[in-house]
Amino acid sequence: DEAVLLSTCNRTEFYVVANDNGHEALKDWLSSSKQLNEGFRDSLFDLEDAEAIRHIFRVACGLDSMVLGEPQILGQLKDAWRDAQESGALGSQLGRLMQHTFSVAKKVRTDTEIGSSPVSVAYASVHLAQQFFANFKKQTAILVGAGVTIDLVAKHLKRKNIGRLFIANRNLNRARNLAHEHGGYALPLSELAGSLQEADILISSTASPEPVVSYEAMKAAAKARKSKPIFACDIAVPRDIHPDVTKIDSVYLYTIDDLDKVVMEGQSSRESAVNDANRILDDEISRYLTVQRARETVPTINALREHGESVRDEVLAQAHRRIANGADGQEVLEYATAAMLKKLLHTPSVQLRKAGESSDNDLVQAARDLNVEAVSEKPVNVTRGFASVVNPHEQSEQLAQVESFLSGLALDREVGDLTFDPQASNSTGGPDVALAGSVVIVSNENKAAALIGDGSRVEATGDLAINSRATD
């Protein structure tokens, strides 16, 4: 249904929303489109639900990278997300997950030390330069070479807002391409010596078998700079900068060996931050799943509301017809409220009765939880029993029977005299209040209610008074 494809130099991952058939279809597509044999399935791994969410969080935070905490993977994941958007493969579910993932990655980098220590030679060289120059905006950097390492150095310097950037290389076209990408200037290697005096930062990484920066060239540059310091970093093997350069007082030269120590220290520091990052991931996974589960109930809530509106419309139409036929307004009002209550509670009542019969305590407890606001602070006593029919023509005898029945129940308070309202008796002379079959009497302080077997409700206040208006 939804898909995001992340492909880097050392991983290819599909983040999908699909059923089991969709998972298998994806594997079949990989096999056929790339002409892979069946053995490729042994190289696949499947993660679902919370474990899949944890994995994508770890990927975004650099916790699953070969270089722990490296930031490039987050940018690659954002590119994959944009590609999925543009192709129409991103839906609401993966869209929310990706946005939450980016937020988690930012939080981990902000609240932990996972990204504070250098773990690559390129980053380590820039990190060391920061110990010499607090602000790169007024500094000039010259990079020698045009390979992957120099590309990474240029990226880091650009993020640090380097003032000017020059890239020198034997192949001028490659230097131009790289300089253009990072907002710098290209230099032919033949002009490097004459440009060294401009360099506050010099970082070199070529494949030259001989030094490309001589002692004489650096000494001349230092003299022209009037002893203004130069940070020089040689990350080539063999060396690009002649080792005698260390004899020049204003030049601070670091080699690949020095950077390896910095990288090892950074790796150790980041590993100690992993526990902090994992705690954040645990909290964020729980938070995301809680929100997701809440969203899954929305269709049920909407259906419940639609059902309530349907019942309301039906009862309202019946009430309008009664008013049109001349019925008393108070009578119609009581009819409408009772009818609506009966219709709304009928199905839940039936299901709860079945739940009780089958000992489905979870459903019963869920119903109690839903009704929590209606429960009084004082415990409500609920008793089940049986009552006869109250007939207006035999009201004394029948009321006595009902009074006797109620007196035998374990109510919260003593049952007083019962009264009958002859004004509410129906014209047919039939029973006005049918307390037939199973009856639930609910009493709370000086209020009581009887829920009759057919769903009708009889309410009373003060001394219990059963009023026939409470039923149809």
Side-chain angles (χ1 to χ4, degrees), residues 1-27 29-30 40-85 87 89-117 119-120 266-298:
D1 298 330
E2 303 178 36
V4 172
L5 169 60
L6 173 66
S7 183
T8 70
C9 57
N10 68 335
R11 74 172 71 235
T12 297
E13 297 184 352
F14 293 86
Y15 308 117
V16 300
V17 176
N19 55 27
D20 291 339
N21 291 334
H23 288 171
E24 290 304 315
L26 178 57
K27 294 175 184 178
W29 173 80
L30 275 174
F40 93 97
R41 292 177 182 264
D42 297 333
S43 302
L44 300 179
F45 66 94
D46 292 328
L47 298 174
E48 298 181 1
D49 302 325
E51 288 305 310
I53 295 169
R54 178 179 296 278
H55 178 74
I56 192 172
F57 284 1
R58 284 178 55 82
V59 169
C61 296
L63 298 177
D64 197 57
S65 299
M66 294 178 66
V67 178
L68 184 63
E70 56 94 4
Q72 285 79 19
I73 188 65
L74 180 58
Q76 293 167 325
L77 189 58
K78 287 183 177 180
D79 289 341
W81 164 67
R82 281 188 285 266
D83 290 341
Q85 274 188 318
S87 63
L90 192 69
S92 59
Q93 193 166 340
L94 265 185
R96 287 192 298 268
L97 176 59
M98 297 301 287
Q99 291 291 348
H100 199 103
T101 298
F102 302 148
S103 175
V104 170
K106 181 178 180 181
K107 183 177 181 65
V108 167
R109 290 199 168 274
T110 302
D111 295 355
T112 74
E113 299 297 317
I114 197 68
S116 62
S117 302
V119 291
S120 69
Q267 186 75 13
S268 176
S269 175
R270 290 193 176 192
E271 286 173 355
S272 66
V274 169
N275 290 334
D276 295 333
N278 282 330
R279 279 192 290 270
I280 292 175
L281 261 58
D282 289 340
D283 292 341
E284 291 297 328
I285 291 168
S286 176
R287 188 162 73 92
Y288 177 81
L289 289 175
T290 298
V291 172
Q292 188 65 21
R293 283 191 289 265
R295 287 181 180 276
E296 291 172 357
T297 64
V298 170

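Values below: all heavy atoms of this structure, side chains included; hydrogens, waters and symmetry mates excluded.
Taken to the nearest 0.5 Å, the CG atom of Leu44 stands 11.0 Å off from the CD atom of Glu13. Thr112 contributes atom OG1, which lies 10.0 Å from atom CG of Asn278 (distance to the nearest 0.5 angstrom). Note: Leu5 CG to Ser87 OG = 9.5 Å, rounded to the nearest 0.5 Å. Atom CD1 of Ile53 and atom NE2 of His55 lie 12.5 Å apart (nearest 0.5 Å). Taken to the nearest 0.5 Å, the OH atom of Tyr288 stands 15.0 Å off from the CZ atom of Arg54. Rounding to the nearest 0.5 angstrom, the gap separating the SG atom in Cys61 from the CG atom in Leu77 is 10.0 Å.
Among the candidates Ile280, Leu97, Val108, the single residue satisfying the side chain to side chain contact (heavy atoms under 4.5 Å, CB included) test with Phe57 is Leu97. When the options His100, Arg279, Lys107 are evaluated for a side-chain hydrogen bond (donor to acceptor under 3.5 Å, both in side chains) with Glu284, the one that passes is His100.
Using a cutoff of 4.0 Å between basic side-chain nitrogens and carboxylate oxygens, Glu296 and Arg293 are not scored as salt-bridged.
The two atoms that bring Ile114 and Arg109 nearest to each other are CG2-CA, 4.2 Å, heavy atoms only. Looking at every heavy atom in both residues, Leu74 comes nearest to Ala60 through CB-O, 3.7 Å. Across all their heavy atoms, Leu6 and Ala80 have their closest contact at CA-CB, 4.2 Å. A pairwise comparison of heavy atoms in Leu47 and Ala52 identifies O-CB, 3.5 Å as the closest pair. Closest of all the heavy-atom pairs between Leu94 and Tyr15 is CD1-O, 3.2 Å.
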When you look at Arg11 and Gln76, which way does the side-chain contact (heavy atoms from CB on, under 4.5 Å) test go after all the steps?
CA-CA 11 Å; Arg11 74 172 71 235; Gln76 293 167 325; over 6 Å; no
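Within the 4.5 Å cutoff, no side-chain heavy atoms of Gln85 are placed close to those of Met98. Using a 4.5 Å heavy-atom threshold, the side chains of Val4 and Ile56 count as separate.
Glu113 places no side-chain N or O within donor-acceptor distance of the main-chain N or O of Ala273, the cut-off being under 3.5 Å. Remark: the backbone N or O of Asp283 is not paired with any side-chain donor or acceptor of Ser286 at under 3.5 angstrom.
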